[in-house]
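Contents: one structure, followed by commentary.
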Amino acid sequence: MARTETDVNCARFPPTRFTLHEWHLDNQFRYRCSEAQRELSDRLLADATLARESAKEIVRANKEETDHRLLEKLNDVEFRKEELLRIRKESVLEIDALSVYEDRIADVLKSVNRNALAICEKCLVARERRLGIDLVHDDVERSLFREREVIQEAEDLLGGITKEARERIRRLKATLYHIDRDLENKDSNLCIDRRNVTLKETDFNLSDYHGTWCLDKSVALNEWELQTNSNVIDANREVNGAKQLRCHIDTVIKQTIDDLDRQKNATNEAFRQRIEQTREAKTKLELQHSEIIKQIAAMLSNITHMKKSIADKDGYMALAHTRLNNRCQRPGIELTQDLVEANLVKEIHELRNVAANLQRMLYEAEASLRYLLKTQIQLEEDINVKTNTLKIDEVECMTLRQSINYHAY
């Protein structure tokens, strides 16, 4: 039954018949369509080839440009890193040098304070033990006061320069901190870009990112250059300042030591002159003492002789009185005022005058002896005063001052 229906349909709708002209037209259409498609395909092939070549050239040029820029950036970073390393080395050397200078100043201060100032104070205290008239405001005392002032001024000056050195070291360390941070960043940058230079398009594990990287936190190139330049400039300024400070410290130490030495020599010279004056005065006193001792001995001998002479005159006086009394016993007319009586009266009168004169001279000699003895005691006290002064100035003070030795260190 199905087969019959098919046959019926075929009978009802016979295949379409075309004319020969239509056949030629259709063949021409098909040919032209094929030609058009082939031409289009050729153009597309040519355009694709050109696009591939152009893309290849663009990619190659872009990669070469990027590689070139990376190498330029690496060289720039390397150069700036070398600059930072150079100035870092100079900064470290200046920190070490300033630390040595700080130790030098500390040694000078220790020498001045513990040695010179202490000795100067000891000399002033020791000279307060001078006795009597030797406890005077002399050139030595004035020189010691001036020396103490010079030492204190030196301490103040060296203390101030120490603070400057510490502040300069602190600033150098602060600069060094910024340089180290910058160097760390430069090393990270170099590590990243050196890795980028070695990367190839055929490497594995390349990132496939279709977008733009977030660069909100990026820094402009001029800011990057300015930061590194600023670090180098700041470090150079601090290094130059440290070098100038070291030169200034050399000058200050030398000037301070020269001033201290000059004052020490002036004080020592004042001591020398004062010791010489004291020794000369002591020598004169000792000579005077020696003469006084001789004079006392002579005066004692004189008093002894004076007393003996007065005693001798008493015998003569008694003899004259006895003779005169005996002659008063003459009888009668024999009791005359003759030449013998006149001579005895004269002798008694003169003996009285001589005795009185000798007694007066004895009193004067005894008074002179008392004064001589008093003078002897005074001279001995003065000699002891001078001896004490010489012991203080020459033995104690000058022995102490021999240990004053200023060094620039």
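By convention here, the first residue in the shown sequence is residue 1. Every value quoted in this text rests on a predicted model; they were computed, and no experiment measured them. Keep in mind that the numbers below use all heavy atoms, side chains included, and drop hydrogens, waters and symmetry copies.
Using a 4.0 Å cut-off between charged nitrogen and carboxylate oxygen, K386 and D382 do not count as a salt-bridge pair. Under a 4.0 Å N-O distance rule, the pair R43/D47 does not qualify as a salt bridge. Classification of E65 and R69 as a salt-bridged pair holds, one side-chain N sitting under 4.0 Å from a carboxylate O. Between R246 and E94, at least one side-chain N (NZ, or NE/NH1/NH2) sits under 4.0 Å from a carboxylate O, which counts as a salt bridge. With salt bridges taken as basic N to acidic carboxylate O contacts below 4.0 Å, none links E53 and K56. Under a 4.0 Å N-O distance rule, the pair K186/D182 qualifies as a salt bridge. With respect to the salt-bridge test (charged N to carboxylate O, under 4.0 angstrom), the residues E167 and K163 do not qualify. Remark: E147 does not engage K264 in a salt bridge, criterion side-chain N to carboxylate O under 4.0 Å. In summary, R32 and E35 do not engage in a salt bridge, as defined by a charged side-chain N under 4.0 Å from a carboxylate O. The pair R279-E286 does not count as a salt bridge, with every side-chain nitrogen at least 4.0 angstrom from each carboxylate oxygen. A salt bridge does not link E83 with R80: every distance from a Lys NZ or Arg NE/NH1/NH2 to an Asp or Glu carboxylate oxygen is 4.0 Å or more. A salt bridge links D42 with R38: at least one charged nitrogen is closer than 4.0 Å to a carboxylate oxygen. Under a 4.0 Å N-O distance rule, the pair R104/D107 does not qualify as a salt bridge. Salt bridge annotation for R171-D234: absent, with no cationic side-chain nitrogen under 4.0 angstrom from a carboxylate oxygen. Ion pairing of D138 with R274 is present here, as a side-chain N (NZ or NE/NH1/NH2) and a carboxylate O approach within less than 4.0 Å.
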| said: For D259 and R262: C-alpha separation, side-chain torsions, deciding distance, then whether side chain to side chain contact (heavy atoms under 4.5 Å, CB included) applies. | reply: CA-CA 5 Å; D259 291 343; R262 192 179 303 111; 2.8 Å; yes

query: Passes side-chain hydrogen bond (donor to acceptor under 3.5 Å, both in side chains), R52 versus T49? Steps please.
result: CA-CA 5 Å; R52 288 198 307 274; T49 301; 3.3 Å; yes

Does E380 form a side-chain hydrogen bond (donor to acceptor under 3.5 Å, both in side chains) with Q376? I'd like the steps, not just the answer.
CA-CA 6 Å; E380 289 172 352; Q376 176 191 356; 3.1 Å; yes

Task: S290 and K294: CA distance, side-chain angles, deciding distance, side-chain hydrogen bond (donor to acceptor under 3.5 Å, both in side chains) verdict - done: CA-CA 6 Å; S290 176; K294 294 178 183 179; 4.6 Å; no

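Counting heavy atoms of neighbouring residues, nucleotides and ligands inside a 6.0 Å radius, atom CD1 of I133 does not exceed 12 of them. For K63, the NZ atom is densely surrounded, since the number of other residues' heavy atoms within 6.0 Å is greater than 12. H24 NE2: more than 12 foreign heavy atoms inside a 6.0 Å radius.
Here the closest heavy-atom approach between residue E90 and residue V239 is recorded as OE1-CG1, 3.9 Å. Across all their heavy atoms, T256 and A154 have their closest contact at CG2-CB, 3.4 Å.
A distance-only check finds a donor-acceptor pair linking the side chain of Q263 to the backbone of S143 [under 3.5 Å]. Between the side chain of R130 and the backbone N or O of V136 there is at least one donor-acceptor pair closer than 3.5 Å. Judged purely by atom type and a 3.5 angstrom limit, H349 has no side-chain atom pairing as donor or acceptor with the backbone of V345.
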